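Okay, so here's the structure we're looking at.
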Amino acid sequence: MATVETRALRKEFTGHTAVDGVDLTINEGEFLVLLGPSGCGKTTLLRMIAGLESQTSGDILIGGRVVNDLPPRARKIAMVFQSYALYPHLSVAKNIAFPLKAQGAPRESIAGEVDRAAKMFGIERLLHRKPRQLSGGERQRVALARAMVRHPDVFLLDEPLSNLDAKLRNLARDELKQFQRRLGTTTLYVTHDQVEAMGLGDRIAVMSGGTVRQLGRPQEVYDEPADTFVAGFLGSPPMNLVPVDGVLVGFRPEQLLAPGAPASEGVGPAVPMRFAVERVENLGAGRLLYGTLPDHAPDQKIIVSLAYTVHSSIEAGRTYDFRMHESNLKFFDPGTGRRVPARPLPARRSA
Amino acid sequence: MTAPALARPGFVERAAGVSDSARWLGRLMLAPAVLYIALVVAVPFLMAIGYSFSNVTIGTSTPRFVGLENFRNALQDPAFLKALGNTAIFSLVSQTLVIVLASILAIALQRRFRGKWLVRLLILLPWVAPISLGSIGWLWIFDPVYSVINWTLRHVGILGPDSWPIWLGQPNLAMASIIGVHVWRTMPLATIISLGGLSSIPQDIHDAAEVDGAGFFRHLFVITLPLVLPILLVAVLFGLVFSVTDMIVVYVLTRGGPFDSTQVLASLAFFKSIDGGDLSGGAAVALFLLPVLAVCAVLLLRLARRAEVV
């Protein structure tokens with residue numbers, strides 16, 4: 001186990017900067033998720049920490065030791081790739097044994113270690129098979145077993161769930177989190193999937209354009225986004241951003257309360273806010289309402305999400321009196337996109 | 001009623017019909033290749049089989065069936081046995097060298113370095129240059145009087161004042177020489193094939209091996225080589241078939257000499273049947289390795305199919 005730290009880490013490829021001065025500290029035993037859209041530099045950052053890519057400038061420290069010029073094998077890391085990168089010509093047992101043999105583990109201990117890892121991931125009966133004879137989920141388990149078998153200081157995971165189908169992904173996510181908890185190994189996990197990030201991470205680092213936009217606990221990043229990028233990237237549907245009097249007002253789709261919906265407790269008083277519904281989408285587990293706020297920004301489309309438990313009848317084409325806790329409103333500078341201090345919502349324009 | 005619908009289709013429509021039908025278009029486009037192979041390969045091949053069971057010579061007009069006599073004669077002919085051994089040495093040694101050198105070259109060429117295109121061009125050159133031209137160049141390099149090799153070796157002090165190897169005139173040196181030229185000639189193809197095999201391995205696999213702690217040799221022998229092996233085997237089989245059936249290097253450099261020390265089956269068959277007029281004897285020599293080559297060809301096709309599936 002170890003901490004991982006990057007200091008002013010940069011990576012330039014010809015013509016563009018993939019990672020632009022990232023300072024990041026991953027605590028011992030922590031599960032940190034790098035979240036961002038494709039091309040934001042998260043995979044490049046991971047590969048630099050792995051030693052598969054050399055940095056243009058800056059330092060990487062693993063366990064307090066500068067590893068800038070060390071090859072991957074000297075960094076005591078293990079990596080799981082998006083494609084799993086199992087060795088196609090080797091059986092599952094030999095795949096898992098490979099890192100042990102490579103680091104010169106005593107021959108007699110290898111079989112026991114392989115069995116232990118296989119048991120942990122429930123793949124004992126697959127040991128003699130070749131990777132091409134495995135399903136996606138089984139391959140993912142083999143890849144994980146191969147990564148943990150030699151007790152690395154750090155796990156690096158590059159979108160390891162993205163090749164699984166949706167049903168399996170939820171299950172695998174849960175298992176992954178449990179394994180990490182049990183092993184207590186410092187883990188850096190790259191994904192573009194905010195659900196994975198929210199569900200897995202002790203902390204999330206949201207990346208865009210090669211920089212870390214925000215680093216924090218999942219709820220913190222969700223509730224208190226540092227800028228409009230983070231606000232728009234997390235949440236599905238994302239945060240509504242409404243221009244009101246020279247400032248962007250943001251609130252989550254589920255924070256606008258329908259008439260009759262119970263108010264949340266302990267978040268201050270709710271102010272009325274009229275909502276003109278244009279379209280209703282029934283999603284089974286809830287409803288999505290598309291419309292505008294006629295009193296605040298009649299031209300800005302917003303989305304409101306109603307939980308399954310809200311039974312108010314809402315029809316398209318009508319305007320309703322919704323409510324909003326003022327403390328849920330976040331304010332952003334429309335120029336820089338950064339958060340600005342909360343202020344009272346400007347008064348209604350029309351009665 | 002204006003319906004000329006029953007008019008017979010014109011040429012253009014019919015041609016369009018053919019090109020629309022995948023079956024006929026396929027046949028049409030395969031036809032030239034099939035015709036070419038039938039006329040230039042299959043007919044002479046069948047004739048050779050016929051000749052090998054007869055007593056035909058350049059002079060005879062009424063060939064007679066003699067059964068396996070030509071093959072029996074060949075087996076009793078010391079020149080044939082010598083050529084058989086030479087063919088084995090020539091093919092096996094040259095292809096072993098080729099596969100080792102081509103793998104090393106391909107691995108080197110996979111890396112990025114300045115001037116890579118120039119190196120690639122130089123390596124491909126022996127393959128694209130006409131073989132007779134190349135061999136004539138080698139003839140001069142191996143010349144008994146002007147040999148560049150001897151001249152260089154003497155100037156760097158490896159050859160003493162009393163030694164002056166005659167490359168094509170001494171039996172062992174002659175065999176080494178033709179093997180050398182053959183390696184030079186067939187390595188480019190093997191290199192290109194191995195390079196293709198190497199680049200078909202996903203980068204993730206290499207990265208995983210790197211992270212898993214494999215050093216250079218483990219990476220090479222446990223991961224890279226086993227993964228390119230099917231494709232390397234294709235290169236080996238190509239090379240073997242090509243070495244066993246080819247005679248140009250021998251013909252240009254040594255004509256099989258000295259004392260038949262570089263005579264291979266292909267050149268022996270040529271000298272026997274074309275220069276010597278013994279068509280049936282030559283055919284028997286030429287066909288002798290057919291079963292071996294057929295096995296090679298079957299293996300080759302199977303491997304090629306497997307490589308396609310993977």
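Every chain is numbered from 1 and lettered A, B, ... according to where its sequence line falls, protein lines coming before strand lines. Note that the coordinates shown come from a computational prediction; the quantities given were computed from them, not determined experimentally.
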Fill in the blank from the handout: Residue from B:Ile205, B:Ile201, B:Asp207 scoring the most non-hydrogen pairs under 4.5 Å with chain A is B:Asp207
Problem - Euclidean distance, A:Arg73 CZ relative to B:His219 NE2, rounded to 0.5 Å - result: 11.0 Å
Exercise for the section: Identify the heavy atoms of A:Ser83 and B:Asp204 that sit nearest to each other, and give their distance. Expected result: OG-OD2, 2.5 Å
Exercise for the section: Looking only at non-hydrogen atoms, find the nearest pair between B:Leu227 and A:Pro88 and report the distance. Expected result: CD2-CG, 3.4 Å
Practice task
Considering only heavy atoms, give the residues of residues 101-134 of chain A separated from chain B by less than 4.5 Å, sorted numerically, with 'none' for an empty result.
Solution key: A:Lys101, A:Ala102
Exercise for the section: With a 4.5 Å heavy-atom cut-off (strictly below), which parts of residues 143-151 of chain A touch chain B? List them by number. Expected result: A:Arg146, A:Arg150
Handout entry: Non-neighbouring partners of A:Glu53 that pass salt bridge (charged side-chain N to carboxylate O under 4.0 Å, His left out), sequence neighbours left out
Key = A:Arg47
Taking atom [atom1] as the centre, does [X] end up with more than 12 heavy-atom neighbours from other residues, nucleotides or ligands that are less than 6.0 angstrom away?
| X | atom1 | result |
| --- | --- | --- |
| B:Tyr36 | OH | no |
| B:Phe217 | CZ | no |
| A:Lys177 | NZ | yes |

Problem - Contact class of A:Leu86 relative to chain B, heavy atoms under 4.5 angstrom - result: backbone
Exercise for the section: Identify which part of A:Leu52 has an atom lying under 4.5 Å from any heavy atom of chain B, answering side chain, backbone, both or neither. Expected result: side chain
Handout entry: Qualifying ring-ring contact (aromatic ring centres under 6.0 Å, His included) pairs with a residue from residues 64-103 of chain A, counting only residues at least two apart or across chains
Key = A:Tyr87-A:Phe98
Handout entry: Side chain to side chain, B:Pro226 and A:Leu90, heavy atoms closer than 4.5 Å
Key = no
